[in-house]
Amino acid sequence: MADETSAPRTEQPAPSHGGSSTGGSSHSGHSSSGPRPAGGRPSGPGGPGGGGRKFFRRKKVCKFCTEKIDAIPYREVRLLQQFVAERGKIVPRRLTGVCTTHQRKLTRAIKQARNIALLPFAARF
């Protein structure tokens, strides 16, 4: 009797292990084979096909270089407000298109205007 009860246990794998190396038809977890479901990635601005027209972005030119402004005065608040965001942060040059030398002068002028209370340090809530 002891031989009969132990024989079926050795022939059949235990179902509690879950991930056996020979049991490829098990659907207990994520299957590595098979096609991916449609719509796995959200469609972008070009549509679901992805063949839309690319957006042409103009090359940004430094405003101060085109108008030949060397010194940026800290007293011109309207000029400085164009380069300060609503929250009070200085807008980076990759967004404004200002060259590096004028960006440094611009930040210095904005900081001077903040110190003498011509520009706010932060937005009002």
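When a residue number appears, it is its place in the shown sequence, counting from 1.
- Hydrophobic cluster membership differs between Leu79 and Val91, with clusters built from Ile, Leu, Val, Met, Phe, Trp and Tyr side chains linked at under 4.5 angstrom.
- In this structure, Leu80 and Leu106 have side chains that are in contact, with non-hydrogen atoms separated by less than 4.5 Å.
- Note that the CD1 atom of Ile90 and the CD1 atom of Ile110 stand 4.5 Å from one another [nearest 0.5 Å].
- The closest donor-acceptor contact from the side chain of His102 to the backbone of Ile69 lies under 3.5 Å.
- Note that the CG atom of Leu95 and the NZ atom of Lys60 stand 5.5 Å from one another [nearest 0.5 Å].
- Residue Glu86 holds its CD atom at 11.5 Å from CD of Gln81, rounded to the nearest 0.5 Å.
- When all heavy atoms of Ala109 and Tyr74 are compared, the pair lying nearest together is O-CB, 3.4 Å.
- Counting all heavy atoms, side chain and backbone alike, Cys65 lies closest to Cys99 at SG-SG, 3.7 Å.
- Panel note: side chain Lys105, backbone Ala71; no donor-acceptor pair is recorded below 3.5 Å.
- You'll find the side chain of Val98 stays beyond 4.5 Å of the side chain of Lys63, heavy atoms only.
- In this structure, CZ on Arg93 lies 12.0 Å from OG1 on Thr107, to the nearest 0.5 angstrom.
- One finds the CD1 atom of Ile116 at 13.0 Å from the CZ atom of Arg114 (value rounded to the nearest 0.5 Å).
- When hydrophobic clusters are built by joining Ile, Leu, Val, Met, Phe, Trp and Tyr residues whose side-chain heavy atoms come closer than 4.5 Å, directly or via intermediates, Val61 is not grouped with Phe64.
- With contacts defined as side-chain heavy-atom distances shorter than 4.5 Å, the pair Asn115/Phe121 qualifies.
- Nearest heavy-atom pair, Thr96 versus Gln103, reported as atom, atom and distance to 0.1 Å: OG1-OE1, 4.1 Å.
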* Asked: Yes or no on side-chain contact (heavy atoms from CB on, under 4.5 Å) for Val84 and Lys89, after CA distance, side-chain angles and deciding distance?
  -> CA-CA 6 Å; Val84 178; Lys89 290 184 174 182; over 6 Å; no
